[in-house]
Amino acid sequence: MKAHLTRRYVFSASHRLHSPKMTAEENLATYGKCNNPHGHGHNYALEVTISGPVDETTGMVCDLVDLDQCVEREVLSRYHLENLNVMKEFAVTVPTTENLCIEIFEILKRGFPRAHLERVRLEETMMNSFEYTGL
Amino acid sequence: MVYLTRKAEFSASHFYHSSEFSAEENRRIFGKCNNPNGHGHNYTLEVTVKGDVDPRSGFVVDLKQLKEIMHREVLDAMDHRFLNKEVPEFLTKIPTTENIAIAVWQRLQPKLDQAQLHRVRVYETPDLFVDFYGEE
């Protein structure tokens with residue numbers, strides 16, 4: 001029996017949306033307040049969904065402690081209380097929440113082989129969220 | 001096709017223990033959840049059904065009827081219970097959130113006639129939930 005399991009985490013980080021491929025005016029028109037040169041921050045909520053058969057003996061899809069440790073090590077300790085723009089993955093790529101969502105999916109896909117990664121969902125604020133399933 | 005979700009809450013206690021593991025393995029694998037005295041959660045259940053909107057009623061399903069089925073089949077059995085000791089499924093299976101979602105599906109699925117069961121979601125805490133979509 002296959003089940004999907006979702007775990008929710010929170011972290012806080014700052015970013016500035018600015019693309020080197022656009023002029024200053026275009027950046028301002030595209031990103032608005034998010035283009036403020038000093039950056040700004042969010043409390044992100046991250047939902048990680050994994051799937052797999054429910055183990056007959058343990059009744060679990062995977063050990064939550066393993067998942068928590070992986071997310072803590074690979075994602076939360078990397079991004080929590082950091083400025084996303086200074087990180088190498090966002091040296092060229094704009095740290096929109098779309099791109100951050102994709103990056104976290106790729107990190108966990110590599111870092112957590114114990115179950116199938118179905119989806120990463122990232123809430124930037126209570127009013128908006130982004131999902132990436134690898135497709 | 002329209003999807004409709006109904007929420008409900010129930011509170012129950014459980015503990016994790018498998019007779020296939022030694023006492024030491026049970027403690028290592030399940031940690032604090034292995035305490036045989038049990039511990040409790042406020043579970044949130046979300047039941048999603050799907051179907052076409054009836055042209056006369058404008059409903060996918062009669063919500064009152066869905067609520068009654070959820071109460072009769074799930075909440076009456078699990079609310080304010082010690083799952084390991086009082087719910088038949090968990091006399092043999094460990095009441096993990098995964099197995100609770102499967103048990104809820106198996107209880108509801110045969111009782112729904114108006115709409116098709118799409119998903120059962122069970123929150124153990126606000127930061128942990130399991131989705132079951134039936135046998136895929």
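If you're wondering where the values come from, they're calculated on a predicted model, not measured in any experiment. Every heavy atom of this structure was used, including side-chain atoms; hydrogens, water molecules and symmetry mates were not. Residue numbers begin at 1 in each chain, while the letters A, B, ... track the order of the sequences.
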Cluster question for you: counting only ILVMFWY and a side-chain heavy-atom cut-off of under 4.5 Å, with indirect links fine, are [X] and [Y] together?
{"X": "A/Tyr9", "Y": "A/Ile107", "result": "yes"}
{"X": "A/Tyr79", "Y": "A/Leu76", "result": "yes"}
{"X": "B/Leu63", "Y": "B/Val47", "result": "yes"}
{"X": "A/Val71", "Y": "A/Leu100", "result": "yes"}
{"X": "B/Leu75", "Y": "B/Tyr43", "result": "yes"}

### Step-by-step ring pair (Phe, Tyr, Trp, His ring centres under 6.0 Å) determination, B/Tyr133 to A/His4
CA-CA 9 Å; B/Tyr133 295 89; A/His4 292 62; 4.9 Å; yes
Using non-hydrogen atoms only, which part of [X] is less than 4.5 Å away from chain A: side chain, backbone, both, or neither?
{"X": "B/Ile29", "result": "both"}
{"X": "B/Tyr123", "result": "neither"}
{"X": "B/Pro126", "result": "backbone"}

### Query
Which region of A/Ser51, side chain (C-beta onward) or backbone (N, CA, C, O), has a non-hydrogen atom less than 4.5 Å from a non-hydrogen atom of chain B, or is it both or neither?
neither
### Query
At a heavy-atom separation under 4.5 Å, does A/Val54 approach chain B through its side chain, its backbone, both, or neither?
side chain
### B/Phe129 CZ to A/Leu5 CG distance, which is reported to the nearest 0.5 Å
8.5 Å
### Task
To the nearest 0.5 Å, tell me how far A/Thr58 OG1 sits from B/Phe30 CZ.
5.5 Å
### Query
For B/Phe21 and A/Thr57, which heavy atoms make the closest approach, and how far apart are they?
CZ-CG2, 3.4 Å
### Task
Kindly give the heavy-atom pair with the smallest separation between B/Val130 and A/Ala3, and that separation in Å.
CG1-CB, 4.0 Å
Within the supplied structure, the quantity of interest is the number of heavy atoms (other residues, nucleotides, ligands) at a distance under 6.0 Å from [X] [atom1]; does it exceed 12?
{"X": "B/Met1", "atom1": "CE", "answer": "yes"}
{"X": "B/Lys7", "atom1": "NZ", "answer": "no"}
{"X": "A/Arg114", "atom1": "CZ", "answer": "no"}

### Message
Would the distance check show the side chain of B/Glu98 and the main-chain N or O of A/Val61 forming a donor-acceptor pair, the cut-off being under 3.5 Å?
### Response
yes
### Check: A/Met60 main-chain N/O paired with B/Thr96 side-chain donor or acceptor under 3.5 Å
no
### Task
Show the numbers, then the answer: is there a side chain to side chain contact (heavy atoms under 4.5 Å, CB included) between A/Leu64 and B/Leu128?
CA-CA 10 Å; A/Leu64 266 184; B/Leu128 173 67; 3.5 Å; yes
### Task
Report the option among A/Arg8, A/Glu47, A/Glu56 that has the most heavy-atom pairs separated by less than 4.5 Å from atoms of chain B.
A/Arg8
